Protein chains: 2
Amino acid sequence: MTPNFKIDHANCADCPIRHRAVCAHCEVDELEELEGIKYYRSFEAGQTIIWSGDQMNFVGSVVSGIASLTQTMEDGRTQMVGLLLPSDFVGRPGRDSAPYDVLATTDLVMCCFRKKPFEELMNKTPHIAHRLLQMTLDELDAAREWMLVLGRKTAREKIASLLSIIARRDASVGPKTSTEPIVFDLPLTREAMADYLGLTLETVSRQISALKKDKVIELEGKRHVTIPDMGRLMDEAGDDSDGGFLV
Amino acid sequence: MTPNFKIDHANCADCPIRHRAVCAHCEVDELEELEGIKYYRSFEAGQTIIWSGDQMNFVGSVVSGIASLTQTMEDGRTQMVGLLLPSDFVGRPGRDSAPYDVLATTDLVMCCFRKKPFEELMNKTPHIAHRLLQMTLDELDAAREWMLVLGRKTAREKIASLLSIIARRDASVGPKTSTEPIVFDLPLTREAMADYLGLTLETVSRQISALKKDKVIELEGKRHVTIPDMGRLMDEAGDDSDGGFLV
DNA sequence: GTTTCCACTTGATCTCTGTCAAGGTGCCTT
DNA sequence: AAGGCACCTTGACAGAGATCAAGTGGAAAC
């Protein structure tokens, strides 16, 4: 895990990049330049932030809420290819157009920088390029981890894998011992889960019911989840020992 | 497509990075430094180049042959998460250990650089970091494209998608008109194809036979493939219009 | 208070792909 | 030339998940 490559809004309500603990090498003049080009955007759940193929004239990061990267085939089949949680980076320095739709899965706030100035700053300050490389390698690891999920796991294992990822992300700011129950609200509809896992929403629903019946998870309402034993969930996900997730 | 971010051995029998047409910004002193730290390694088909979790003290690129990045679950299920064709980059600057096995799928020659000196050079010359970022973004695009294949495509579409990728890669140095038939030798066993596509080798075999029966492809022996109509194959793959593959 | 709507659940059935099993083909060895 | 082996094909059957179709529950709207 390399949490310091993520932009951490938790400790930094204003601007992500100016946060010293995350970006220790930042010089004051860089910060001021970034300050000048940053702005915030809000989106409602279900809104499309960027359409596949569109020009993308900004980069940024998720402040709150959840966004997803989604590919759609002509006949309507869709596959989510990335899940963007708070602190995740959005954008493709050096690229003009988006290769997939970016959707606000929940209400969402993003912190954006106009791409041109950001890229100029990046060219001037090598360590920003270096950090972006590390972040991109993290994303690549996460994408490849997910290829194993999509290609080889059963529906039950897929659900367990997704719950693991969300639980771990939450757990990174919550309890650290594995015996302690983990509690969170599912930020995705059953349909969004299905799109991420390459399943139908009916199968998602059935497998969640099965995991509940088998006491791997507890459900209160449709979204509020308790994981009494994280190790048990990881076993169900079929990951070796501690996994090593990076999403 | 951004072919100039790939290291092109086709025009450069000796050392990839010194090739001016590919790396127009290279200065002579860089080349000499790279020259000093480069070396070649050969592997036989089936050999493991790097085990998941191993220290990885080099970066490099494929000169000839095919390598694959493979993840394996405890019970033996395996998923190929990347296919490395000639000119593809191998390695993770800034990372110490490999997150998956790297296998020589065919006999293979790689051009390697010791990682430490390569990283030092990278730190001194920003445009190398920039190129690596672009290459990593390409890999990320390819991985996400493949997530759609794994999650939502049928067995027949999966096979057609794989054949498309291989045909396109070959076609980039071959015929350019879409009416001209494309001919190539499959560099993968049926089992390797199955591991890449999240299928069993029996299903791969059946679908190849079906595509042959339907005249989408022609087969001579088990590996020699002719694509009489690339457009037809792309339709079978379910990709919108021209696809935009980057693998 | 009841209506409406949306997200979700559950059931019945179907189908694609996996599993198990039996050959086939061509190459390399001896 | 014969044998062995790796790679591939094909068949029969089974099962996981998709599809089609009701039905439930809870919150917002009227």
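Chain naming here is simple, since letters A, B, ... match the order of the sequence lines and numbering starts at 1 in each. On a predicted model such as this, the values are computed, not experimentally measured, just so you know.
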Are A:Asp88 and A:Arg169 ion-paired here, with the side-chain N under 4.0 Å from a carboxylate O?
yes

(Q) Whether B:Glu157 and A:Arg77 form a salt bridge (side-chain N of Lys/Arg under 4.0 Å from carboxylate O of Asp/Glu) is what I want to check. (A) yes

Figure out the [atom1]/[atom2] separation between [X] and [N], and round it to whole Å.
X: B:Gln207; N: D:dG11; atom1: CD; atom2: C1'; value: 15 Å
X: A:Arg206; N: D:dA21; atom1: CZ; atom2: C1'; value: 11 Å
X: B:Asp195; N: C:dG18; atom1: CG; atom2: C1'; value: 14 Å
X: B:Arg190; N: D:dT10; atom1: CZ; atom2: C1'; value: 13 Å
X: B:Leu199; N: D:dC8; atom1: CG; atom2: P; value: 15 Å
X: B:Leu201; N: C:dT17; atom1: CG; atom2: C1'; value: 13 Å

Worksheet item: For the base of C:dC20, is there a side-chain donor-acceptor partner from B:Glu202 under 3.5 Å away?
Response: yes

By nearest-nucleotide position on DNA chain D, the 5'-leaning member of A:Thr154 and A:Lys222 is A:Thr154

Exactly one of A:Arg156, A:Lys215, A:Lys158 clears salt bridge (Lys or Arg N to Asp or Glu O under 4.0 Å) with A:Glu236, and that residue is A:Arg156

**Request:** Anything under 30° is parallel, anything over 60° is perpendicular, the rest tilted; go ahead and classify A:Tyr196 against A:Trp146.
**Result:** parallel

*How would you label the contact of B:Thr189 with the nucleic acid (heavy atoms, under 4.0 Å): base, sugar-phosphate, or nothing?*
sugar-phosphate

